[in-house]
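Worksheet: one structure, shown below.
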Amino acid sequence: MKILVTGGTGYIGSHTVVELLTEGHEVTILDNLSNSDERVVDRIEAITKVRPGFVNGDIRDKETLDRIFTDTAYDAVIHFAGLKAVGESVQKPLMYYENNIAGTLNLLKSMGENGCKNIIFSSSATVYGTPAFVPITEECPKGTCTNPYGWTKSMIEQIMTDLYISDNEWNVVLLRYFNPIGAHESGTIGENPNGIPNNLMPYVTQVAVGRLKELGVFGNDYNTHDGTGVRDYIHVVDLAIGHVKALSKLQAGSGLSIYNLGTGQGYSVLDIVKNFEEATGVKIPYVIKPRRPGDIDECYADPSKAEKELGWKAERGIREMCADSWRWQKNNPNGYDD
Ligand code: NAD
Ligand code: WQD
């Protein structure tokens, strides 16, 4: 299939492009490089021996989108482009609503006008808010998000649902990711956050590589087995493969569907520290800090719907996730700037 991947030089996008090319799909990336690096395209080529198309452009620019869709008849779009820093979204809500929502509206308009009505969207477990129950199934009601970033995901899901209701020619797959970590086994592409990382695994790997002194563990009085927050960490390559499986669903004319992409297994912050140390042999010093506002006790998926309907199941365990995150960080201590 001919696939347009928005946000394809980013963390999850780049891994997905690798899997798409490996499966023989034709891929063009559209990315404005606001949170990624064009050298990712070279690295993808080195892994797959195929160079994806690349357009340096913005989903908020309708002319660029129209040109892309009139130049090539894409079979589907995988839509990763978006801003994702939770804390920054609280400081700059309009920037987040503008980039994520206005950008997505542009994309959907241009797709519809040019007859491409198949889309896979990067949603998030954040739409469940404080989950009504765990493990979280897709029937779990959406909740109150604690930040504008989360609301953009929740609202875009609604926009795509309404679009599908208005016109059944659309095929929409909403993928709700849990906590992606890990990196391609080559150690040549991976997560490359700007500044001090907000998320746990990049913080841990930057402590391991000596860029940061120690990990702050945000709270040890949660209602979990050791008091630290529990999440469903999923290897980014498993997540990427989930998108390839979802494409087959789109191709079959599936209408609107929603899937959790997680492993079904929860790990606490201290479980991650322990597994990282055991997988890599590198010690992670840590201190207990107060809870981070907006955090919840535990969040993990029931991923059985994706297994039943997409034939997809996460295969990579927590040790492999830790080892692969470390290989990427160790080989690229300063990300793509080395
Ligand atoms: P990322 O920041 O690495 O990738 C996003 C990419 O989108 C970047 O390359 C960025 O340059 C690009 N981009 C942003 N705004 C754009 C615009 N207006 N036009 C064109 N390109 C633009 O993030 P990621 O971790 O790979 O996440 C990919 C998607 O998955 C995002 O939509 C994110 O919200 C969603 N998601 C991520 C996580 C996570 O924990 N990483 C979890 C759930 C959902
Ligand atoms: C995981 C656990 C922290 C950093 C976020 C977004 C969510 C989704 C994924 C996009 C928690 C603890 C963290 C640190 C710590 N993104 N922690 N010290 O909060 O589950 O989810 O990323 O959609 O929307 O909210 O992930 O990696 O930030 O935190 O103790 O320095 O690690 O308290 O328990 P989170 P995370």
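Just so it is clear, the model here is predicted, and its values are computed rather than measured.
In this model, a donor atom of one side chain and an acceptor atom of the other lie less than 3.5 Å apart for E88 and Y96. Of the N and O atoms on the side chains of Y128 and N260, at least one donor lies less than 3.5 Å from an acceptor on the other residue. Under 3.5 Å, the side chains of T126 and S124 contain no donor-acceptor pair of N or O atoms. For the residue pair D271 / H225, a side-chain donor-acceptor distance below 3.5 Å is found, with atom types taken as modelled. A donor atom on one side chain and an acceptor atom on the other are not found under 3.5 Å apart for H79 and S122. Side-chain contact annotation: T224 with D297, donor-acceptor N/O pair under 3.5 Å absent. Using modelled atom types, one finds no donor on one side chain facing an acceptor on the other under 3.5 Å when comparing N118 with D75. Looking only at atom types and distance, the side chain of S110 has a donor-acceptor partner in the side chain of D66 under 3.5 Å away.
Side chains of K274 and L270 form no contact here, defined as non-hydrogen atoms less than 4.5 Å apart. Side-chain contact between W312 and L261 is present, with heavy atoms from C-beta onward closer than 4.5 Å. Residues V27 and I44 form no side-chain contact, since every pair of their non-hydrogen atoms from C-beta on lies 4.5 Å or further apart. A 4.5 Å side-chain heavy-atom check between L215 and V273 finds at least one atom pair inside the cut-off. Side-chain contact between L65 and L107 is present, with at least one heavy-atom pair separated by less than 4.5 Å. Residues I181 and H235 are not in side-chain contact: their nearest non-hydrogen atoms beyond the backbone lie 4.5 Å or more apart. Looking at heavy atoms from C-beta onward, Y222 lies out of side-chain contact with T228 at the 4.5 angstrom threshold. The shortest side-chain heavy-atom distance between P193 and Q206 falls under the 4.5 Å cut-off.
The distance from the OG1 atom of T6 to the CG atom of L30 is 6.5 Å, given to the nearest 0.5 Å. Taking CD1 of I120 as the start and CG of L250 as the end, the distance is 4.5 Å to the nearest 0.5 Å. Separation of atoms CG (D167) and CG (D162) is listed at 12.5 Å; rounding is to 0.5 Å. Once rounded to the nearest 0.5 Å, the distance linking CD1 of I156 with CZ of F121 reads 4.0 Å. Residue N192 holds its CG atom at 7.0 Å from CG of D337, rounded to the nearest 0.5 Å. The structure places CG of L175 at 8.5 Å from OG of S123, a figure rounded to the nearest 0.5 Å.
A cation-pi arrangement is absent between K2 and Y74 under the rule of less than 6.0 angstrom and at most 45 degrees off the ring axis. For R231 and Y267, the positive end is not near the middle of the six-membered ring at less than 6.0 Å and at most 45° from its axis.
For E185 and R316, the salt-bridge test fails: no basic side-chain N is under 4.0 Å from an acidic carboxylate O. A salt bridge links E157 with K142; the closest basic N to acidic carboxylate O contact falls under 4.0 Å. Looking at E138 and K305, no side-chain N of the basic residue comes within less than 4.0 Å of a carboxylate O on the acidic one, giving no salt bridge. In summary, R292 and D295 engage in a salt bridge, as defined by a charged side-chain N under 4.0 Å from a carboxylate O. Under the 4.0 Å criterion applied to side-chain N and carboxylate O atoms, E191 and K84 are assigned as salt-bridge partners.
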- request: Go through H15 and F80 one step at a time and tell me if the ring pair (Phe, Tyr, Trp, His ring centres under 6.0 Å) criterion holds.
  value: CA-CA 12 Å; H15 287 82; F80 294 103; over 10 Å; no

- request: Start with the C-alpha distance between L33 and N56, add both sets of side-chain angles, then the distance that settles side chain to side chain contact (heavy atoms under 4.5 Å, CB included), and finish with yes or no.
  value: CA-CA 7 Å; L33 303 177; N56 182 348; 3.7 Å; yes

task: List the steps and the verdict of salt bridge (charged side-chain N to carboxylate O under 4.0 Å, His left out) for R319 and E277.
output: CA-CA 9 Å; R319 294 286 171 89; E277 290 179 344; over 6 Å; no

Worked check of salt bridge (charged side-chain N to carboxylate O under 4.0 Å, His left out) between K245 and E19: CA-CA 10 Å; K245 300 279 187 188; E19 297 306 319; over 6 Å; no

task: Start with the C-alpha gap between D324 and R327, add the side-chain angles, then the distance that decides, and say whether salt bridge (charged side-chain N to carboxylate O under 4.0 Å, His left out) holds.
output: CA-CA 5 Å; D324 288 346; R327 188 179 307 106; 2.7 Å; yes

Worked check of side chain to side chain contact (heavy atoms under 4.5 Å, CB included) between S304 and D302: CA-CA 6 Å; S304 54; D302 175 343; 2.6 Å; yes

- request: Take R43 and D37, measure what salt bridge (charged side-chain N to carboxylate O under 4.0 Å, His left out) needs, and give me the verdict at the end.
  value: CA-CA 11 Å; R43 306 254 177 128; D37 193 299; over 6 Å; no

query: Please walk me through it: do N171 and K117 pass side chain to side chain contact (heavy atoms under 4.5 Å, CB included)?
result: CA-CA 6 Å; N171 293 297; K117 296 187 175 180; over 6 Å; no

- prompt: Please walk me through it: do W328 and Y336 pass ring pair (Phe, Tyr, Trp, His ring centres under 6.0 Å)?
  reply: CA-CA 10 Å; W328 153 251; Y336 292 99; 5.1 Å; yes

- prompt: Can you list the steps and then say if Y286 with I288 is a side chain to side chain contact (heavy atoms under 4.5 Å, CB included)?
  reply: CA-CA 7 Å; Y286 68 85; I288 305 295; 4.1 Å; yes

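Grouping the Ile, Leu, Val, Met, Phe, Trp and Tyr side chains by contacts below 4.5 angstrom, directly or via other members, places V86 apart from V204. Y203 and F178 fall into different hydrophobic clusters, where Ile, Leu, Val, Met, Phe, Trp and Tyr residues are linked whenever their side-chain heavy atoms come under 4.5 Å apart, directly or through other members. Hydrophobic cluster membership differs between V287 and L212, with clusters built from Ile, Leu, Val, Met, Phe, Trp and Tyr side chains linked at under 4.5 angstrom. The cluster map of Ile, Leu, Val, Met, Phe, Trp and Tyr, joined by side-chain heavy atoms under 4.5 Å apart, puts V236 and L310 in the same cluster. Connection of L239 to I136 is not established within any shared hydrophobic cluster, with ILVMFWY side chains joined at heavy-atom distances below 4.5 Å, either directly or through further cluster members.
Around atom NZ of K330, more than 12 heavy atoms belonging to other residues, nucleotides or ligands sit under 6.0 Å away. Remark: E169 CD is loosely packed, at most 12 non-hydrogen atoms of other residues, nucleotides or ligands lying under 6.0 Å away. In this structure, Y97 places its OH atom where more than 12 heavy-atom neighbours from other residues, nucleotides or ligands lie under 6.0 Å away. By the neighbour-count criterion of 12 heavy atoms within 6.0 Å, atom NZ of K313 is sparsely surrounded, having that number or fewer from other residues, nucleotides or ligands. At most 12 non-hydrogen atoms from other residues, nucleotides or ligands lie less than 6.0 angstrom from NZ of K92.
The only option from T9, V5, D58, I59 that meets the side chain to side chain contact (heavy atoms under 4.5 Å, CB included) definition with D31 turns out to be T9.
R291 contributes a side-chain N or O that, together with a main-chain N or O of D221, makes up a donor-acceptor pair within less than 3.5 Å.
Residues T64 and G57 approach most closely at CG2-CA, 4.5 Å, considering heavy atoms. Minimum heavy-atom separation, V17 to G8: CG2-O, 4.0 Å. In plain terms, the two heavy atoms of I234 and A314 that are nearest each other are CD1-CB, 4.4 Å.
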